[in-house]
Amino acid sequence: MKDPATQVSRRGLMKNLIASDRPKRYAMVIDTRRCIGCQACTVACKSEFSVPLGESRSWVESIEKGNFPDVGRNFLPRLCNQCEKPSCVSVCPTGATYKRDEDGVVAIDEEICIGCKYCMHACPYGMRYLHPNTGSVDKCDFCLHRVEQGVAPACVNTCQGYARIFGDINDPSSAVSKMLETNAVSVLRPAMGTEPMVFYIAADSSDERYAERTGVYVRVETNRRQQKRV
Amino acid sequence: MLNRRKFVKLSAATAAASVAMNGTLSQARELPVFGGKDYSPATGRERKAVPSACLNCVTRCPNIVYVEDGRIVKIEGQPNSIRSEGKMCAKGQGGVNHSNDPDRILYPMKRVGKRGEGQWKRISWDEALDEVAGRLKVLKDAGTPEKFMFHYGRMKSSISKMVKTNFLGAYGTKTIGNHTSICEGGKWTAQELTWGKHYDSWDFDNTRYVLNFGANPLEAGTNHIPTAHRLIRALTTREVKMVTVDVRLSNTAAKSQEWLPVRPGGDLALALAMCNVVMSEDLHKGHGEEFLKFCKVTDTAEDTLENKVKALKDNFEQYTPEWAEQHCDISAHAIRRVAREFATNHPACLVSYRGAVAHYNGNDTERALQTLAAITGNIDNPGGRCLAVGPKWKYPKVKKMPKGRKLKIVDGPKGAAAIPSHHMSHNVLKMIKDGSAGRPDIYMSYMYTAVYANGDVQENIDVLKDESLIPYSVNINPFYDESAALADLILPEPPYTERWDWEDMVSPVQIPEYYIRQPAIPPMGETRDFGTVACQLAERIGIDLGFKTKEEFVRLSCEKTPAIKAVGGFEYMKKHGVYHDPKAKPKYYSYRKELKPKDYEKATVILDEATGTYWDWKKAKHKSAEAAQKKGYTHSKGAYKAYVGQRIGNKVYKGFKPDKLNKSGYFEIYSGLMKDKGFNPMPTWYSIPEHDKMGDNDMIMTTYKVATQIHSRSQNCKYLTELYHDNPAWINPLDAERRGIIEGDEVKVKSEVGEITIKARITPAVKPGVIAISHHCGHWEYGRYASGNKAPMGHEDDPDLKRMWWKGNHGAHPNWIIPNAPDPINGQLRFMDTVVQVMKI
Amino acid sequence: MLEIHWGLPVIIYLFLGGLGAGAGVVSASVFLRSHAGDASEGAFDIARWGALIAPIPVIVGVGALVFELGSFAVGDMFRWINLFLTINLSPMSIGSWLLALFVIVSLVYAYTFLGSNSRPGDEHHGLRKKMAWLMVPLGVGVALYTGILLGAMPSRPFWNSPILAMLFLISALSTGVASILLMRCIFGGSSSDAKGVEDSKYLLSSTDMLLISFEVLVVFLFIMYAHLTVGGVEHAIDVVLGGSLTSLFWLGFVVIGLIIPILIELKYVLPRLLKQEHYAMPHAMELAVCMLVIVGGFMLRYVVVIAGQVTGPIGI
Ligand SMILES: Nc1nc2c(c(=O)[nH]1)N[C@H]1C(S)=C(S)[C@@H](COP(=O)(O)OP(=O)(O)OC[C@H]3O[C@@H](n4cnc5c(=O)[nH]c(N)nc54)[C@H](O)[C@@H]3O)O[C@H]1N2
Ligand SMILES: Nc1nc2c(c(=O)[nH]1)N[C@H]1C(S)=C(S)[C@@H](COP(=O)(O)OP(=O)(O)OC[C@H]3O[C@@H](n4cnc5c(=O)[nH]c(N)nc54)[C@H](O)[C@@H]3O)O[C@H]1N2
Ligand code: SF4
Ligand code: SF4
Ligand code: SF4
Ligand code: SF4
Ligand code: SF4
Ligand SMILES: [Mo]
């Protein structure tokens with residue numbers, strides 16, 4: 001509680017949710033056409049934070065679809081969406097999870113978090129996990145510790161497909177801004193109303209139920225402990 | 001907490017020191033710096049960055065290893081590398097786990113129980129070195145150095161020069177086995193037969209069309225990261241079309257515009273038919289025609305274009321698309337269309353790897369593919385299939401070497417392979433068992449697991465376990481793999497993150513890149529770089545190598561190599577890790593370089609009339625020019641080393657320089673060497689005998705690599721094995737239904753050499769009739785993360801051990817049921833061929 | 001299938017919290033309605049039992065909840081205090097404060113009933129009455145908020161329904177009533193007034209019956225609305241309509257916790273209700289009904305907590 005940012009975020013919760021005057025707005029565009037499912041990002045993220053086995057801040061889903069010989073496989077890299085209306089923040093009873101005024105990144109103060117796991121349920125994307133060492137919840141934070149030093153997030157840095165484009169959308173000349181300007185993008189599960197700041201180009205939209213209806217084979221899986229899409 | 005710190009404002013322009021982008025994405029101008037720096041998320045402190053090089057796979061990308069509190073915590077790509085452009089694959093980053101593997105071997109270990117029993121005692125280096133050197137000296141003194149067999153796997157660059165060239169050379173043994181025949185040796189032989197050198201380089205940055213036969217460059221490949229990220233850039237940013245021929249939908253096939261699900265080994269028919277289309281439709285005209293000048297297509301040393309074209313038409317006439325359809329299951333229509341596309345989208349890049357060559361008929365598949373590239377003018381051109389370019393390091397060499405002696409056990413039984421230019425390592429143990437060519441007294445293996453990586457695992461175990469066949473066995477290893485478990489002595493090497501090397505892998509931009517590997521932390525425990533150990537053994541035997549450690553060797557090499565010396569030598573390399581000449585131009589069309597008369601008018605250089613080749617009779621170890629003329633270039637042993645140039649018309653060109661075989665300086669579509677061995681000199685159809693005899697219920701098993709594992713060596717990397725620890729067999733729904741198999745069932749897969757039990761993954765992403773199993777899983781040693789079994793010298797210092805959620809789920813190894821059978825021409829192990837029966841249990 | 005992050009401790013907490021709050025509310029309202037306990041000794045007795053019961057399950061439940069905290073699991077005993085260093089609009093934050101107040105108030109309220117000579121109009125009467133006034137809203141709050149807690153998230157379509165809070169409230173009241181009945185059954189009334197006892201028992205049973213009827217209705221609404229929706233909610237409800245939790249839900253909760261108890265209660269309540277006959281539920285029956293209702297209440301929490309976690313949003 002020595003932290004002024006957290007104080008602000010606690011008291012000004014509602015204000016933060018509708019704040020639109022951040023100095024920076026970090027966002028990511030993921031161009032799935034360029035993603036080859038190599039998992040370099042997954043391992044970059046895992047090792048950057050020594051994420052414990054069984055948990056992940058980021059992963060890549062694989063969507064295999066079609067009937068032989070017309071079969072395709074696409075990939076969907078996943079990370080915290082740094083939502084504009086983060087439901088994880090609105091349910092947090094301690095204010096440990098908050099959206100940063102300065103750049104919109106949703107962060108967690110691990111000293112305040114009590115590990116009640118409420119936010120884990122509230123996140124419609126399954127992006128949060130309980131860190132077994134700290135007893136606090138953890139998730140992707142856009143690699144703030146790197147970004148604050150001007151270095152690209154670990155996953156972006158390593159992405160060999162250049163599928164992950166990161167930057168400040170307040171800056172119209174940034175690559176993200178341009179990508180957003182010139183491409184049709186979508187966000188994940190828009191119906192959840194969280195207004196993600198991670199945007200996708202050409203994201204696959206299939207789920208398993210689609211297979212039942214059409215008789216087309218679909219397999220959606222991840223390499224995480226939870227093999228299914230969450 | 002970091003999130004408390006105020007954001008540091010950075011000027012967008014200065015931060016963009018990245019060379020990483022040359023696509024149309026303007027990302028390079030973006031605020032964040034790409035790589036080169038990392039910070040601790042816990043403390044915010046900058047992590048120590050050590051420029052070094054990966055060795056998890058053969059690609060050996062330059063990297064940066066980050067250290068925090070004396071531990072290796074993170075690995076990233078080297079942003080200044082022109083090869084990787086700062087990118088790094090999952091496996092390379094998973095390399096962080098090697099150093100901290102709780103099952104790592106930290107001390108020399110000597111067997112105490114029976115061989116293979118798993119009883120070990122820690123001994124000192126002095127004891128270990130005395131023991132090995134003592135035995136080595138006995139053999140050397142007895143004049144039988146060949147009874148020391150050295151068997152290596154991923155030993156490249158400086159370590160190879162230290163150990164193979166210097167140490168083994170000075171010791172005098174040539175009983176040296178490698179692993180190339182289980183790798184891509186077959187492709188190399190075929191390339192040596194055609195264009196002389198082995199590695200090829202695919203110029204995706206400039207290509208307009210990519211046709212891929214049995215390679216999986218987006219997941220694997222010997223130049224993986226440097227080519228993969230360029231390929232995806234070509235496919236997306238430039239919308240280059242790619243067609244992939246594979247028996248299953250690899251991720252590369254999935255990212256290609258078209259997947260041609262070929263019958264295993266049917267690639268040859270497909271390639272021949274594509275040549276047929278090109279020739280019969282005169283699509284060779286233009287670029288192909290131009291290139292034919294540099295090709296040998298007939299028996300005649302220098303033939304006319306008409307004759308060459310006629311010879312090609314004649315040879316390929318029989319291989320119509322309709323004919324091929326019967327052998328490869330790709331429709332004649334598709335064959336024609338793709339062949340036309342390939343021939344008319346110049347430059348086009350023809351890609352091939354193990355899926356095409358690890359077959360009975362792999363040699364001619366690769367020759368046919370080389371031909372296809374040649375007749376469309378896509379050889380060594382921008383955007384095509386190029387001759388590999390790598391740096392030329394100079395290094396210290398022992399002056400006086402004895403004439404080496406060898407046991408003839410590395411090329412397989414007599415007649416097993418006609419031209420095994422990369423040996424038949426998978427038959428070494430068989431040969432030892434057989435004994436007719438002698439047996440080594442000392443078997444030392446390095447970075448290689450004969451037990452696990454070859455076919456017929458049981459036989460490998462039986463031989464390695466048998467003290468009457470192999471009296472003394474030394475394994476050099478950071479980890480307790482299946483081969484180490486069968487050794488008498490294990491010499492612990494630190495993983496590559498704690499070693500020195502200079503490196504030299506192929507550059508996809510046709511500009512050589514020099515780079516080094518340096519230890520990010522001192523070797524843990526008592527581990528020692530084997531390069532240094534070799535020096536210490538030499539010293540004990542009484543051999544003076546002229547250097548004492550790997551570090552010294554690397555330093556001396558930096559001083560000897562002019563390009564490096566000029567920029568500051570060893571110190572420069574330690575600081576920067578990589579170097580390339582910023583003024584260098586990409587190297588294409590090297591064969592077109594005209595030699596100056598002074599090059600071939602030397603006293604010792606003569607012209608071989610039969611081939612049009614200039615060669616140096618002295619270098620070829622002939623007594624006189626006459627003796628050389630008499631024997632002729634082709635039939636003089638090792639004459640390729642004396643190659644000077646190729647006469648074409650009234651000019652002498654650098655031509656296609658031979659590497660291991662006495663081919664001419666032409667690109668040899670017509671191979672006199674093949675003819676000499678009794679094969680058709682032109683690419684020819686061979687069907688696979690076992691496939692011809694297949695029963696109705698038989699299937700063909702193929703094996704493959706995944707993006708997150710390397711062979712048998714990365715399963716101790718917890719971050720990788722968490723992602724991929726189980727390797728269910730891919731079975732098409734049609735085959736599954738016939739056998740009553742459903743997703744997740746345990747199935748039995750049986751071949752002539754054994755059977756395995758494996759989980760089924762029912763997927764349309766594999767061709768009916770094919771069962772595809774990756775070869776990464778099914779360890780029974782290699783520590784807890786890999787197999788669930790603790791190494792006898794394992795420790796408990798990794799809290800993640802108790803979080804390993806895949807315990808008991810370690811997959812099944814297919815090599816138990818793959819026979820160690822070779823391609824009869826080049827000796828390549830036929831990994832993609834095995835006929836099996838698959839049944840539900 | 002998604003992983004379970006909230007396990008038995010949370011289920012126990014939701015169940016006991018509801019039961020305690022229910023008992024407290026019933027106690028306080030019976031007490032207040034019977035002219036602050038003056039009217040009948042039977043009513044006072046009910047109020048007394050309810051008051052004595054209320055704090056205990058809530059405290060035990062909160063205790064269980066602490067075990068589910070990640071911070072507690074890593075040995076940090078007191079980080080949960082952070083809950084009370086802030087107040088915000090999170091249902092959990094509001095709930096924690098409610099719970100804390102409820103525990104304090106219910107303890108004071110229980111205190112006023114302690115001692116064998118506590119009776120209407122004794123020296124604690126004033127305090128008791130004030131506390132009773134507090135107990136009603138706090139109890140209702142606690143019982144409701146457990147449902148709001150779960151219902152507040154679109155990410156958990158099974159939970160994401162305003163009806164859930166109603167369901168939890170009614171279930172809390174009904175288990176609260178059952179727990180009072182059970183206690184009285186086991187330990188007997190302290191009253192010598194047989195008519196009063198019968199009246200109060202009748203009162204409780206008929207209340208319970210009414211509550212269960214409401215519960216059946218609310219369950220029906222819950223299922224119907226979920227089923228009639230499209231998308232994630234419809235998908236999620238499948239888990240009780242033909243999925244892994246179907247039998248537990250229908251047998252464990254609906255049949256055991258609702259249908260059987262209501263049938264039994266009908267059998268004994270109807271004669272008095274319709275024909276003004278004596279209300280005479282046999283002791284064993286009474287015990288059985290109470291147990292069934294309590295088990296049913298637990299099953300409800302169990303099924304709901306698990307079902308909410310094994311289902312999730314669909315699509316990407
Ligand atoms: N991730 C990863 N990368 C690696 C390695 C690794 O272990 N893991 N190892 C490195 C080494 S040493 C090597 S040699 C290279 C090898 O690199 P590649 O040769 O590209 O890889 P493989 O998986 O051996 O084989 C390539 C493809 O051949 C397909 N295939 C199998 N049978 C047939 C067939 O009959 N016809 C056709 N057309 N295709 C077939 C397989 O499905 C597979 O997708 O990779 C290097 N890079
Ligand atoms: N079925 C099937 N089998 C295959 C293949 C296939 O596609 N299918 N691919 C084949 C191919 S392409 C290849 S190249 C071979 C590779 O076969 P190998 O050369 O045997 O495989 P590696 O994974 O390189 O590792 C060999 C051993 O090196 C040890 N090792 C790891 N790091 C170090 C180190 O730093 N120092 C030392 N001294 N030892 C180390 C490990 O213990 C490991 O067991 O496998 C082949 N086997
Ligand atoms: S687990 Fe931590 S961050 Fe999440 S809601 Fe609870 S206190 Fe907030
Ligand atoms: S993705 Fe989930 S965790 Fe991330 S901000 Fe959105 S709701 Fe919160
Ligand atoms: S931004 Fe950082 S924390 Fe987030 S997924 Fe990428 S590497 Fe992981
Ligand atoms: S690193 Fe890039 S290309 Fe690879 S899986 Fe991640 S997002 Fe996709
Ligand atoms: S491609 Fe090979 S050498 Fe390069 S980073 Fe990956 S594993 Fe390392
Ligand atoms: Mo290989």
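Values reported hereafter were calculated over all heavy atoms of this structure, with side chains retained and with hydrogens, waters and symmetry mates removed. Naming convention: chains lettered A, B, ... in sequence-line order (proteins, then strands); numbering from 1 in each chain.
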Under 4.5 Å from any heavy atom of chain B - which part of A/T42
side chain
Less than 4.5 Å to any heavy atom of chain B: does that hold for the side chain of A/C143, its backbone, both, or neither?
neither
Heavy-atom contact with chain B under 4.5 Å, split by part of A/E48
both
Return yes when atom CZ of B/R238 has more than 12 non-hydrogen atoms of other residues, nucleotides or ligands closer than 6.0 Å, and no otherwise.
yes
Do A/N223 and B/E722 have side chains that approach each other closer than 4.5 Å (heavy atoms only, starting at C-beta)?
no
Less than 4.5 Å apart, side chain to side chain, heavy atoms only: is that true for B/I225 and A/Q160?
yes
Cut-off 3.5 Å, side chains only: do A/T158 and B/E76 have a donor facing an acceptor?
no
State which residues pass side-chain hydrogen bond (donor to acceptor under 3.5 Å, both in side chains) with B/W259; sequence neighbours excluded, sorted by chain then number.
none
Taking it one step at a time, do A/V43 and B/L723 satisfy side chain to side chain contact (heavy atoms under 4.5 Å, CB included)?
CA-CA 9 Å; A/V43 181; B/L723 296 173; 3.7 Å; yes
Between A/Y162 and B/H229, does a side chain to side chain contact (heavy atoms under 4.5 Å, CB included) hold up when you go through it step by step?
CA-CA 8 Å; A/Y162 302 97; B/H229 80 276; 3.6 Å; yes
Check: A/L53 and B/Y719 side chains under 4.5 Å, non-hydrogen atoms
yes
Pairs of heavy atoms under 4.5 Å with chain A: top-ranked of B/G92, B/A228, B/G36
B/A228
Relative to chain B, which of A/P69, A/S56, A/A154, A/A44 shows the most heavy atom pairs under 4.5 Å?
A/A44
Test salt bridge (charged side-chain N to carboxylate O under 4.0 Å, His left out) applied to B/R803 and A/E55, step by step:
CA-CA 10 Å; B/R803 301 192 191 110; A/E55 313 296 350; over 6 Å; no
Could you tell me whether B/E737 atom CD has more than 12 heavy atoms of other residues or ligands within 6.0 Å of it?
no
Going from CD on A/Q39 to CG on B/L720, what distance comes out if it is rounded to the nearest 0.5 angstrom?
10.0 Å
Contact part of A/F49 toward chain B, heavy-atom cut-off under 4.5 Å: side chain, backbone, both or neither?
both
Short side-chain to backbone donor-acceptor contact, B/Q93 and A/A40, under 3.5 Å:
yes
Taking B/A707, B/P733, B/G35 one by one, which has the highest count of heavy-atom pairs under 4.5 Å against chain A?
B/G35
By a 4.5 Å heavy-atom criterion (distance strictly below it), what part of A/V51 contacts chain B: side chain, backbone, both, or neither?
backbone
So CZ of B/R45 and NE2 of A/H145: to nearest 0.5 Å the spacing works out to 13.5 Å
Top of B/I75, B/I762, B/L734, B/N97 for chain A proximity - count of heavy-atom pairs under 4.5 angstrom:
B/I762
dist A/I36:CD1 -> B/L231:CG (nearest 0.5 Å) comes out at 8.0 Å
Atom pair SG/CG of A/C38 and B/N251 - distance to nearest 0.5 Å
9.5 Å
Is a donor on one side and an acceptor on the other found under 3.5 Å between the side chain of B/K87 and the backbone of A/N157?
yes
For the CZ atom of A/R146 and the OH atom of B/Y39, what is their distance to the nearest 0.5 Å?
9.0 Å
NZ (B/K37) with more than 12 external heavy atoms under 6.0 Å:
no
Enter the distance from A/C159:SG to B/M88:CE here, rounded to the nearest 0.5 Å.
14.5 Å
